[in-house]
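Let me begin by presenting the structure, written as structure tokens, before commenting on it.
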There are 2 protein chains.
Amino acid sequence: MITPQLRASRSLHESVRQELLNRIQNGAYLPNLPIPSTATLSSEFGVSPITIKRALRDLQAIGAVTAIAGKGTFVKEQRRFLIDLSDGIAHLETANVRLMSIANEKISDPAMEMFNPPGEATLCVRKMIFFAGEPPLAYDSTYLSPDVDEAIIDKFAARPVTEALGRLGIRIRNISYLIDASTAARKVAEIFAIPNGYPMLRRLYKVTTTKKGLTIFGILQAPFDRLSYSLNIQSEN
Amino acid sequence: MITPQLRASRSLHESVRQELLNRIQNGAYLPNLPIPSTATLSSEFGVSPITIKRALRDLQAIGAVTAIAGKGTFVKEQRRFLIDLSDGIAHLETANVRLMSIANEKISDPAMEMFNPPGEATLCVRKMIFFAGEPPLAYDSTYLSPDVDEAIIDKFAARPVTEALGRLGIRIRNISYLIDASTAARKVAEIFAIPNGYPMLRRLYKVTTTKKGLTIFGILQAPFDRLSYSLNIQSEN
DNA sequence: GAGTGGTCTAGACCACCCT
DNA sequence: GGGTGGTCTAGACCACTCC
């Protein structure tokens with residue numbers, strides 16, 4: 001029921017959304033289990049099914065539930081992965097990688113311009129990063145100079161960036177990061193099974209190495225509710 | 001018009017959204033100016049006004065437009081502020097601050113637990129950070145030990161955290177950051193005039209100082225499309 | 001075949017802004 | 001008063017899943 005204090009001058013769909021969110025946070029609705037159907041909720045709350053749908057869609061947008069047509073609406077389990085950037089290395093040693101594509105491509109993301117990327121086409125290696133038995137964690141697009149050795153490309157296709165460099169015995173000279181949030185592109189949204197436009201936490205990077213001519217650009221992005229970054233800075237002296 | 005290649009198996013409201021987004025990116029619709037009304041677009045595209053509204057609401061969710069009831073729907077100007085964290089200091093010297101509230105409060109955000117915050121109530125100073133002539137940039141909640149001097153509280157009420165410490169002549173020993181994205185709470189959404197649940201880029205911090213007993217916790221959050229962080233890491237040797 | 005969520009439409013009412 | 005976006009409803013159709 002929508003009680004007056006829940007209502008509190010909000011619109012109906014907002015009140016419904018809040019009540020459903022309360023139930024999720026109370027544990028009345030459990031993770032990975034379906035909540036009652038639209039029709040059931042409609043009669044329980046005494047509001048139109050459309051209003052229920054509206055509330056559910058907003059709950060999807062904030063990452064609280066996932067709706068699967070024909071099955072039901074499920075409470076999302078909240079688990080964030082933490083990456084520590086204090087030493088510049090994003091530790092992903094135990095992560096699995098699935099290669100998605102390798103293609104010649106220009107770097108087009110406007111946020112990338114900060115790193116003064118090459119204007120010519122680069123070799124773009126796209127891959128998914130995940131842990132066994134878990135939904136995909138991140139999607140990485142690595143841009144390499146088109147004339148790099150095939151052995152190097154293979155390593156980048158199979159490992160996260162810093163792990164690939166480690167295996168190749170290439171030393172890092174400098175890393176620049178840009179962390180921002182941006183909405184998911186259509187293709188990325190499909191991969192993660194999230195609504196189009198879902199916010200992604202992104203880490204754009206430029207890695208310069210001691211190997212002559214080897215500078216790596218890239219973007220690692222993850223659904224905003226799956227990842228966070230930590231950073232520790234000691235003051236000098 | 002919704003051309004077949006724009007349609008491309010998408011749902012109607014997705015096609016409409018994409019077409020409107022194209023027009024914004026092409027410059028056909030200009031920043032800070034209203035786009036045609038729902039009714040106009042409805043007849044132009046030959047779809048129901050409801051479908052137009054759906055597309056517009058999704059465009060609001062991704063930060064492309066702002067709708068103002070009674071006035072129209074306006075193209076949002078995209079301007080991101082960049083904060084460099086390389087030296088641990090978030091440079092906000094020229095920013096203005098508006099104090100929102102000072103209250104006794106417990107730290108309740110679950111993401112904060114990483115810093116092992118005190119369980120007791122703290123003094124919470126909430127403020128808005130903005131640049132003259134611009135929409136608000138960020139919202140900061142600083143948690144101080146309840147027994148700090150009033151002079152210190154005043155400085156934190158009037159300046160961003162690191163600027164306040166600088167003015168007070170207090171040295172920083174260590175800073176820990178946690179960067180994540182989370183959805184806006186109701187109150188924050190009102191302050192920024194963004195839809196409820198809008199994604200915010202957050203930086204949680206714990207600052208330890210050389211002044212005995214003075215450890216500062218806090219959360220600085222900004223609409224995801226207004227802020228980004230950069231970080232540069234030199235390799236040793 | 002029954003139940004699920006997703007889409008699209010039609011129509012009504014409201015609060016708000018501007019002139 | 002006429003235009004705007006926001007809300008809520010009713011009803012229909014579809015694709016999908018599960019039994």
Whole-Å distance, R17(B) CZ to dC8(C) C1', equals 16 Å
Per salt bridge (Lys or Arg N to Asp or Glu O under 4.0 Å), D225(A) is matched among R79(A), R80(A), K76(A) by K76(A)
Give every pair of a protein N or O atom and an N or O atom of nucleotides 15-19 of chain D that lie under 3.5 Å apart, one pair per line with the distance.
| from | atom 1 | to | atom 2 | distance (Å) |
| --- | --- | --- | --- | --- |
| dT17(D) | O4' | G70(A) | O | 3.3 |
| dC18(D) | OP1 | K71(A) | NZ | 3.3 |

* Asked: So, Y29(B) versus N22(B): side-chain donor-acceptor pair below 3.5 Å or not?
  -> no
Requested in this report: Mind telling me whether Y205(B) and Y177(B) have parallel, tilted or perpendicular rings, with 30° and 60° as the class edges?
Outcome: perpendicular
R54(A) and E14(A): salt bridge (charged side-chain N to carboxylate O under 4.0 Å, His left out), yes or no, with the steps? CA-CA 9 Å; R54(A) 165 70 192 269; E14(A) 274 183 304; over 6 Å; no
Side-chain N or O of S37(B) closer than 4.0 Å to phosphate OP1/OP2 of dG3(D) | no
Q. How about F81(B) and F131(B): are their ring centres within less than 6.0 Å of each other?
A. yes
Ordered by number, residues from residues 52-65 of chain B within less than 4.0 Å of DNA chain D (heavy atoms) are K53(B), Q60(B)
dT9(D), OP1 or OP2 - any side-chain N/O from T51(A) closer than 4.0 Å? yes
Plane angle bin for Y139(B) and F192(B) - parallel if under 30°, tilted between 30 and 60°, otherwise perpendicular: perpendicular
Taking only the side-chain nitrogens and oxygens of S48(A), find out if one of them lies under 4.0 Å from OP1 or OP2 of dC8(D). no
| Are a donor atom and an acceptor atom from the side chains of D140(A) and T142(A) found within less than 3.5 Å of each other? | yes
In whole angstroms, the gap separating P of dC13(C) from CG of L12(A) amounts to 17 Å
Taken to the nearest whole Å, CG/L20(B) to P/dG5(D) is 12 Å
**Prompt:** Taking it one step at a time, do K155(A) and E163(A) satisfy salt bridge (charged side-chain N to carboxylate O under 4.0 Å, His left out)?
**Reply:** CA-CA 9 Å; K155(A) 272 282 178 288; E163(A) 275 71 35; over 6 Å; no
Heavy-atom nearest nucleotide on DNA chain D taken for T40(B) and for I50(B); more 5' hit belongs to T40(B)
Separation of dG6(D) atom P from N196(B) atom CG, nearest Å, is 14 Å
Here the distance between atom P of dG5(D) and atom CZ of F74(B), to the nearest Å, is 9 Å
Taken to the nearest whole Å, CG/L41(A) to P/dT9(D) is 14 Å
Taken to the nearest whole Å, CD1/I35(A) to P/dT4(C) is 12 Å
Measure from the ring center of F224(B) to the ring center of Y198(B) and say whether it is less than 6.0 Å. yes
